[in-house]
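These notes concern the structure reproduced below.
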Amino acid sequence: MKRRQFLQSTALASSATMMMGLGACSSPSKKTLSSIGIQLFSLPKLLENDLEGSLALLHQMGYKEIEIYGPYPFSSTAAWDRWNQVVPSIGFSGSGFFGKTAEEFKALLDTYELKATSGHIDLVTLETDMPAVGKAVRTLGLDCFGISAIPDELRKSLDDYKRMADRFNKIGANAKKEGFKFIYHNHGYGLHEMEGQIPLNIILENTDPELVFFEMDIYWTMAGGMDPVELLKANPGRYIALHLKDMKEITYFEGDGGTADQWIALWPQMTTVGNGAMDIPGIIDQGQKSGVKHFFVEQDLVENPRVALKQSIDYLRTI
């Protein structure tokens with residue numbers, strides 16, 4: 001099927017669905033999600049094997065935004081070294097622009113009416129090559145760009161977190177000059193007391209709200225023992241993006257959530273959005289009230305993305 005025919009046919013299908021009243025279940029008092037995104041780490045193998053077909057699939061499902069992940073052609077040597085170390089265990093090597101230039105990748109996104117609004121990148125590249133980062137951001141039109149986690153060795157103590165807050169402020173100031181918002185996605189660590197304080201609060205309290213923003217993964221936040229709704233409510237304007245996934249049964253880390261083995265132990269509890277025990281409508285409602293702009297489905301390396309990612313967006317359209 002030609003690209004134009006593909007887009008026309010899916011547009012007609014979307015129009016027909018709207019006419020059938022898909023949003024009829026939504027409460028008129030709540031603002032429905034007008035643009036639902038997807039973190040590409042949910043379907044990396046499909047993207048690696050068939051980039052254009054995978055983008056077409058996301059368009060057909062109804063996704064409007066994407067969040068990319070690194071490393072990228074301009075990423076630091078350290079980032080590429082770490083990535084190459086994990087490639088054998090994860091079973092794929094595609095990342096960034098999947099063998100395309102930023103310009104070619106953007107053209108493909110335009111073809112399938114997808115917009116890259118956010119992305120994850122490593123700390124070293126942000127601190128050592130911001131001009132290259134800024135160029136990529138402007139080429140793609142990203143709103144925000146940031147790190148998915150603080151490296152293990154840089155979060156051993158409260159002083160480490162305080163030092164990281166200072167580094168975040170500097171990165172955020174440089175990001176603002178380049179035209180994007182720096183975001184920090186804290187995964188599942190930093191939510192338990194350390195020396196009598198919550199590390200996440202150290203970062204929130206010691207970073208400039210005009211320079212440093214946050215992305216919450218609602219699943220790992222819950223696993224870390226915090227209520228996503230209360231965290232959003234307590235920090236209006238700080239969280240501008242959410243990762244949406246669901247938990248079959250509410251389950252917490254056995255430890256502090258600071259190591260990969262604890263995350264892997266909870267993967268079996270991960271399920272499609274709306275198919276678990278989490279209060280998805282309540283989290284989204286509070287997210288909108290607290291200033292969240294980007295809502296990304298993320299189901300890490302989900303076994304059957306064609307089914308799971310469709311189920312998630314179909315559910316999100318009903319709330």
- Note on the structure: Applying side chain to side chain contact (heavy atoms under 4.5 Å, CB included) to Lys176 and not counting sequence neighbours gives Leu211
- Message: The criterion is side chain to side chain contact (heavy atoms under 4.5 Å, CB included); which residues satisfy it with Arg138, sequence neighbours excluded?
- Response: Lys135, Glu178
- Message: Does Arg306 have more than 12 heavy atoms from other residues, nucleotides or ligands lying within 6.0 Å of its CZ?
- Response: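 Count not over threshold, so no.
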- May I ask you to list the residues sharing a hydrophobic cluster with Phe213, side-chain cutoff 4.5 Å, ordered by chain and number?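 So far as hydrophobic clustering goes, Phe213 is joined with Ile183, Ile240.
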- Who passes salt bridge (Lys or Arg N to Asp or Glu O under 4.0 Å) against Lys289, sequence neighbours left out? Asp285
So if you build clusters from Ile, Leu, Val, Met, Phe, Trp, Tyr with side-chain heavy-atom gaps below 4.5 Å, do [X] and [Y] land together?
X      : Y      : answer
Leu158 : Leu204 : yes
Leu33  : Val292 : yes
Leu43  : Val86  : yes

- side-chain hydrogen bond (donor to acceptor under 3.5 Å, both in side chains) partners for His120, two or more places apart: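 side-chain hydrogen bond (donor to acceptor under 3.5 Å, both in side chains) check on His120 returns Glu215.
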- Item | Set of residues satisfying side-chain hydrogen bond (donor to acceptor under 3.5 Å, both in side chains) with respect to Asp159, sequence neighbours excluded |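 None.
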- Message: Using 0.5 Å steps for rounding, measure from the OG1 atom of Thr272 to the OH atom of Tyr315.
- Response: 10.0 Å
- Message: Could you check, using the six-membered ring where one of them is a Trp, whether Tyr72 and Phe105 have ring centers closer than 6.0 angstrom?
- Response: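 Tyr72 vs Phe105: aromatic centres not under 6.0 Å.
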